[in-house]
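See structure below.
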Amino acid sequence: MQVLGKNLIGNTESSEGTVGIQAINPASGEPIGPLFFKATLSELDLAVHKANAAFAIYRKKSGAEKAQFLEAVATEIEALGDELIERYVAESALPMGRAQGERGRTCGQLRLFASLLKEGSWVNAIVDTAQPDRQPLPKCDLRAMERPLGPVGVFGASNFPLAFSVAGGDTTSALAAGCPVVFKGHPSHLGTSELIGRAILAAAEKTNMPDGVFSLVFDDSIEIGQALVKHPLIKAIGFTGSFRGGKSLFDAAAARPEPIPVYAEMGSINPVFILPKTLQEKGDSLASAYMNSVTLGVGQFCTNPGLLVIEKNDDFVGKLESVSVDAVGGNMLNKGIQSVYHKGVEEFQKYAKVVNFGKKSEGFTAAQPVIFKADYQTFNDNDALKEEVFGPSSLVVEASSKAEMLEVARTMSGHLTASVFGSPDELAEYADLIELLEQKVGRLIFNGFPTGVEVTHAMVHGGPFPATTDSRSTSVGTMAITRFTRPVCFQDMPDTLLPAELQNENSLGIWRKVNGNLEK
Ligand code: NAP
C-alpha cells in the first residue's frame, strides 16, 4: 500500500485543500514525502454526513459482524508489513522494536474487542418481565441494554502512532459499540496514519460495512478539530494528548447547543511512593528500575513516573545520582514536544535541585534525561513542581515524616496512576496513604512502576480531573466500549421487534439480568 497524502472521506480519497502539511523525521529534521493537504471544512462536513448515513446501517450490524470487521482491520494492519514499521520509525524516531510491539498491541486490542462482541454480554441486557396481575396496579414489561450513540470524533496522540491513534483504543471501542468514526489524524505521523486509515477501509469493504463507517482527515492547526467537535451530527469525542487541547475540546463540546460527552485523557505525573523499609532494603535495584521507567520511550508516556515520594534517604539519592548519569535520552516525537520539554526542565531548575543529568544525545529533537530533588516544603510551596514535564525527567520529593508523605497524597490532583512500593506489613501500616491514593487515580499499582499498560477487561486508564475530563471511564481495555453507548429501555415492546439481546429466547446465549438474577 502506498502513502499518497490523501484525506480519506469514507471510501473516497480527497485533497481539495491547498494548504500543505509535511511529515518530518524527528531524528534528522528532514521532510518525508508526499505532501499532505489540510482537510477543508467541506471535506470534514462530507465525512461527518457520510458517518451519519453509515450509522443507520452500522448500528444494526450484529456483534458477530462487527467482530469480523475488527478482526479484518487487524489482518489488514499486519499485511502492511515492513512499510508500516519503516514509516512509523521515520516519523516518530522511536525504535523498530517499539513499532513492532505497538503494532502487536494494536492488533491484539482489535481482536480483544472482537472477542467481547462475539461473546455479547457487554450490552448489559436487563429484563424485568411484566406482572399483569400485580395489585394494586399491573407492572409493565421493561427491557434495557446499551445502544450506540452515533458518529464519534476521535483525536490521536503523538506518542503512540498506532495504539492511541487511527486504529487505537478510542477508534476500536467506538466501532465495537456500533459508532462510525471520523478521525483527526495527528500531524506528527501523517503517513503512518494514512496507511492505517487505508487498512481500516480495506477491512470495511471486505466485511461489507457501509461507506462512511470510517473517515480520516488531516490538519496541523486546530481548525478542523474544533469544527469536528462542534459538528451537530457528532455525538461524542475521544481524545488523547495535552491538557490544553483536551480541555479546549471539552469546553467547545459543552458550549454546543447540544452538549456531547468528551473523553479526554490529558496526562498525569503518576506519583510513586516508596515506603521507608522497602527503600532501605531494595534502594539499589529500585533506583535503576525507576530510571528505566523515567527514560523509557524518551519519557513520552502518559504513565511516565514524574514524581517519586520517599522519606529522606541519602543513600538512595546517592544511588540515583550514579545511575542517572548513565541514563540515555534520544530524539523526541517532534520539535514542539522537545521545546515544551526544555521549557519544563528550565522551570524546574528555578525551584528544585538537579540530582543529575543523563547522557546528551545527538539529533534534531534530542532530549537529555534529568532527575530533580526537592524537600517536601519546597514542593508544597511551588505549584510549578506539580506540573507534568512530558519527557525523560522526574522529581524526587524528600519527606521528613509519614505525615508529609500523606500530605503529598492528600493535596495532589487527579492522576492516571499511583504506585506504592512496600512489603505486605508495611503496606498495611500505610493503609491511610493507600486509601487517599485510591481517591485520586484510576489505577493503583503495588510494587511496580506505572509504564506498561495492559490491554485487558479490567484495565482502567483514566482518573479524576485533570488526568481526564471524565473519571468514570477508561481509554484502554474493553470497559471503554460504554464511552460510546447509552442505555435504552424498551417498555412493552413486542418480542419480535426487540433487539435479539432482549428477546425472550436469548438466541445469542448472553448473560442477562432477568428479574434481578444473572442468567443465560
Ligand atoms: P496535543 O497537542 O494535545 O494534540 C493532540 C491532537 O489534538 C492533535 O491532533 C491536535 O491537532 C489536536 N488538538 C490539540 N489542541 C486542540 C484544540 N485546541 N482544538 C482542536 N484540536 C486540538 O498533543 P500531542 O501533540 O500529542 O502532544 C503535545 C503535548 O501533549 C505533549 O508535550 C504532552 O505534554 C502532552 N501529551 C499528553 C499525552 C497523554 O498521555 N495524555 C500524550 C501525548 C502528549 P493539531 O496538532 O493539528 O493542532
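FYI, the numbering just counts along the sequence from 1. Remember, it's 1-based here, ligands and their atoms both numbered in the order they're listed.
One finds no salt bridge joining Arg483 and Glu265 here, because no Lys/Arg side-chain nitrogen approaches an Asp/Glu carboxylate oxygen to under 4.0 Å. Looking at Asp220 and Lys38, no side-chain N of the basic residue comes within less than 4.0 Å of a carboxylate O on the acidic one, giving no salt bridge. A salt bridge links Asp211 with Lys50; the closest basic N to acidic carboxylate O contact falls under 4.0 Å. Between Arg198 and Glu76, no side-chain nitrogen of the basic residue sits less than 4.0 Å from a carboxylate oxygen of the acidic one, so the salt-bridge criterion is not met. No salt bridge links Glu398 with Lys353; every basic N to acidic carboxylate O contact stays at or beyond 4.0 Å. A salt bridge is defined here as a Lys NZ or Arg NE, NH1 or NH2 lying under 4.0 Å from an Asp or Glu carboxylate O, and Arg105 with Glu102 fails to meet this definition.
The single protein non-hydrogen atom nearest to atom 17 (C) of ligand 1 is Ile222 CG2, 3.5 Å, given as residue, atom name and distance. With hydrogens left out, the protein atom closest to atom 31 (C) of ligand 1 is Phe390 CD2, 3.6 Å, a heavy atom. Of the protein's heavy atoms, Gly245 CA, 3.9 Å lies nearest to atom 14 (C) of ligand 1. Atom 21 (N) of ligand 1 has Phe155 CE2, 3.8 Å as its closest protein atom, hydrogens excluded (heavy atom only). His186 CD2, 3.6 Å is the protein heavy atom nearest to atom 8 (C) of ligand 1. Counting only heavy atoms of the protein, atom 23 (O) of ligand 1 lies nearest to Ser242 N, 3.5 Å. Of all protein heavy atoms, the one lying nearest to atom 19 (N) of ligand 1 is Gln226 NE2, 2.9 Å. In this structure, the protein non-hydrogen atom closest to atom 6 (C) of ligand 1 is Gly156 O, 3.7 Å.
Within the 4.5 Å cutoff, side-chain heavy atoms of Leu35 are placed close to those of Gln22.
Contact atoms of ligand 1 toward Cys302: 39 (C), 40 (O) (distance under 4.0 Å to a heavy atom of the residue). Close approach to Ile337 involves these atoms of ligand 1, each under 4.0 Å from a residue heavy atom: 27 (O), 32 (O). In summary, the atoms of ligand 1 found under 4.0 Å from a heavy atom of Met266, numbered by their order in the structure, are 41 (N). Residue contact check: Asp220 has heavy atoms under 4.0 Å from atoms 47 (O) of ligand 1. Below 4.0 Å from some heavy atom of Glu265 lie the following atoms of ligand 1, by number and element: 39 (C), 40 (O), 41 (N).
Only one option out of Asn304, Thr295, Val370 pairs with Ser393 in a side-chain contact (heavy atoms from CB on, under 4.5 Å); it is Val370. Applying side-chain contact (heavy atoms from CB on, under 4.5 Å) to Phe250 and the options Thr468, Val262, Ile237, Val229 leaves one that passes, Val262.
Remark: Glu205 CD is loosely packed, at most 12 non-hydrogen atoms of other residues, nucleotides or ligands lying under 6.0 Å away. More than 12 heavy atoms of other residues, nucleotides or ligands sit less than 6.0 Å from atom CD of Glu78.
With a 4.0 Å heavy-atom cut-off, ligand 1 is reached by no atom of Leu333. Within the 4.0 Å heavy-atom criterion, the part of Pro187 lying near ligand 1 is the side chain and not the backbone. Contact annotation for Ala252 and ligand 1: no heavy atom of the residue comes within less than 4.0 Å of the ligand.
Checking only distances, Asn159 never comes within under 3.5 Å of ligand 1, N or O to N or O. Any N or O atom pair closer than 3.5 Å counts here, and Gly267 shares at least one such pair with ligand 1. Residue contacts with ligand 1: Val340 is placed with no nitrogen or oxygen under 3.5 Å of a nitrogen or oxygen of the ligand (distance criterion only). Considering backbone and side-chain N/O of Ser248, one or more are found under 3.5 Å from N/O of ligand 1. At a 3.5 angstrom cut-off on N or O pairs, Asp219 counts as close to ligand 1.
Residues Ser188 and Asn334 bring a donor and an acceptor atom of their side chains to less than 3.5 Å of each other. Counted by atom type alone, Thr378 and Tyr351 present zero donor-acceptor pairs between their side chains at under 3.5 Å.
Put simply, part of Phe239 is less than 4.0 Å from ligand 1, judged by heavy atoms. Using a 4.0 Å heavy-atom cutoff, Gly336 is absent from the residues neighbouring ligand 1.
In this structure, OG1 on Thr365 lies 9.0 Å from NE2 on His342, to the nearest 0.5 angstrom.
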